Amino acid sequence: MLARARTALEVDLDQVSARRGLIGALIVLTTILLLALLGQLGLTAALAALMVIIADQPGPARERWIGVLVVTAIGSSIAFLAVWAGNEHLGIITLVAMGITALGTLTSAFGRAVAVRGLILSLWAVIVLSFAGLDEPAFALAGSFLVGGLVATAILWITALITPGEAAEAVVVSRSLDKLILSPLAAYAMVRAAAVGVAIVLGVTWFPQHPIWPALTVLLVMRPKLGEALETGVLRTVGTLGGVLLAEAVVLIAGDNELIVLAAFALSAFAMAALHKANYVLFVLFVTVLIILAGALLGGDVDTAATQRIAATILGAIIALIGIGVERVVFERHPGNEEAVQ
């Protein structure tokens, strides 16, 4: 146990990337600038661009462009639906998020690139819950996502012309569609979608200011293998606690000096991106610092945000673990057979 804990806290120095850190900091600061200049429309466009860049996975050129365009189109549709439904129809958005989660989980049967795009859309379907009830017209918000996605696609296309492409990844369909529907993966997808639905309902009820946090934790923690889910949940909770303590310390030291908070915000964005692949605990820690300091810069209650962040993370991890247990009992999947769910 202690050996696993030490391994989890080790930083893979080969995976620390200053270049990735600078890019991450630039993206985050650009997003804040767009939010300040264009409001929610600018934020949506920046998020769309970020998601499309992540959705561009190695593979044949045709599959890459189809993949990013599909993410752009579906993401834009989800944004429209969230604002159109509004707070009066949160049930509709919740059902859409559950459906996207189930389909996104099933995409893991079609290779890593498709699975990454499925996860991105699942996360976006939850994130847009915070957009419900906005004053922005639904078409305007959907259009801003579309523009952000298309701009990112154009940048990726230009970059691909300048730099050599990565080696194509063969996509192997692990099973036919009818077998996929009856497979353990489909059962896992249904339970994962249900867990996201429960997390959304509890998030809206218990954390009205941050209703998406428990559901995001479910999506990021829940794994077919119970051991992996438990480890991810513990590491995410530890990272969240560390991030809360660090953010509180920054706010305490800064006092009324917003320049110190802004500098810490930028450094956190850099560290988050630079350590993304090097250590999960530190990555979550700086994500948490980023979220809490963003709230501080926007005039929010730091103590309330910190407390809710911890509670929502723990709640989401518990829901994920319960979901795995339910799936094992209901569908009779035993430890050691998780390889069937990939």
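Keep in mind that this is a model prediction, so the values were computed, not measured. Count residues from 1 along the sequence. The figures here come from the full heavy-atom set of this structure, side chains too, leaving out hydrogens, waters and symmetry mates.
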Inset, instruction - Check L185, I100, L219 against T105 for a side-chain contact (heavy atoms from CB on, under 4.5 Å) and give me the one that passes. - result: L185

Inset, instruction - Assign the ring pair Y280 / F283 to parallel, tilted or perpendicular, where the plane angle (0 to 90°) is split at 30° and 60°. - result: tilted

Legend entry - F145 ring center within less than 6.0 Å of W124 ring center: yes

Legend entry - Minimum side-chain heavy-atom gap L202-I319 below 4.5 Å: yes

Legend entry - Euclidean distance, E248 CD relative to L293 CG, rounded to 0.5 Å: 10.0 Å

Inset, instruction - Measure across G203 and P214 and return the closest heavy-atom pair with its distance rounded to 0.1 Å. - result: CA-CG, 4.0 Å

Legend entry - Heavy-atom side-chain proximity of V284 to L235 below 4.5 angstrom: no

Legend entry - Heavy-atom side-chain proximity of R112 to V116 below 4.5 angstrom: yes

Legend entry - 4.5 Å side-chain heavy-atom contact, N257 and I260: yes

Inset, instruction - Following the transitive rule for hydrophobic clusters with a side-chain heavy-atom cut-off under 4.5 Å over Ile, Leu, Val, Met, Phe, Trp and Tyr, establish whether V218 and V201 coincide in one cluster. - result: no

Inset, instruction - Indicate, with yes or no, if M272 and L22 share a hydrophobic cluster defined by side-chain heavy-atom contacts under 4.5 Å among Ile, Leu, Val, Met, Phe, Trp and Tyr. - result: no

Inset, instruction - Considering non-hydrogen atoms only, spot the tightest contact between A115 and S108 and give its length. - result: CB-CA, 3.7 Å

Inset, instruction - Decide yes or no for M222 and V191: does some side-chain heavy atom of the first lie under 4.5 Å from some side-chain heavy atom of the second? - result: yes

Inset, instruction - Can you see which heavy atom on G233 is nearest to which on A317, and at what distance? - result: CA-CB, 4.3 Å

Legend entry - Hphob cluster co-occupancy, I291 + L267, side-chain heavy atoms under 4.5 angstrom: no

Inset, instruction - Quick one: closest heavy-atom pair of N279 and L282, and the distance? - result: OD1-N, 2.9 Å

Inset, instruction - With H210 as reference, evaluate W213, F207, W206 under the ring pair (Phe, Tyr, Trp, His ring centres under 6.0 Å) test and give the passing residue. - result: W213

Legend entry - In one Ile/Leu/Val/Met/Phe/Trp/Tyr side-chain cluster, 4.5 Å: V70, I53: no

Legend entry - Distance, nearest 0.5 Å, that separates OG of S122 from CG of L103: 8.0 Å

Inset, instruction - Indicate the atoms forming the closest heavy-atom contact of T232 with L220, along with that distance. - result: CG2-O, 3.8 Å

Inset, instruction - Could you tell me whether a side-chain N or O of R117 sits under 3.5 Å from a main-chain N or O of A55, the two making a donor and an acceptor? - result: yes

Legend entry - Value rounded to 0.5 Å, distance of CD in E327 from CZ in R192: 12.0 Å

Inset, instruction - Could you list who else is in L245's hydrophobic cluster, with ILVMFWY side chains joined at under 4.5 Å, directly or through other members? - result: none

Inset, instruction - Evaluate the side-chain proximity of L69 to L150: yes if any heavy-atom separation is below 4.5 Å, no if none is. - result: yes

Inset, instruction - Would you give the length of the straight line joining atom CG of L146 to atom CZ of F139, rounded to the nearest 0.5 angstrom? - result: 12.0 Å

Inset, instruction - Starting at CZ of F265, measure out to CD1 of I292 and round the result to the nearest 0.5 Å. - result: 12.0 Å

Legend entry - 4.5 Å side-chain heavy-atom contact, I310 and I314: yes

Legend entry - Minimum side-chain heavy-atom gap I127-L216 below 4.5 Å: yes

Legend entry - Nearest-0.5 Å distance, CD1 of residue I200 to OG1 of residue T94: 4.5 Å

Inset, instruction - Keeping the roles fixed (side chain from S76, backbone from A142), state whether a donor-acceptor pair exists under 3.5 Å. - result: yes

Inset, instruction - Check V250 against A264 and note the closest heavy-atom contact, atom names and distance. - result: CG1-CB, 3.6 Å

Inset, instruction - Examine V221 and L315 and state if one hydrophobic cluster contains both, with Ile, Leu, Val, Met, Phe, Trp and Tyr joined whenever side-chain heavy atoms are less than 4.5 Å apart. - result: no

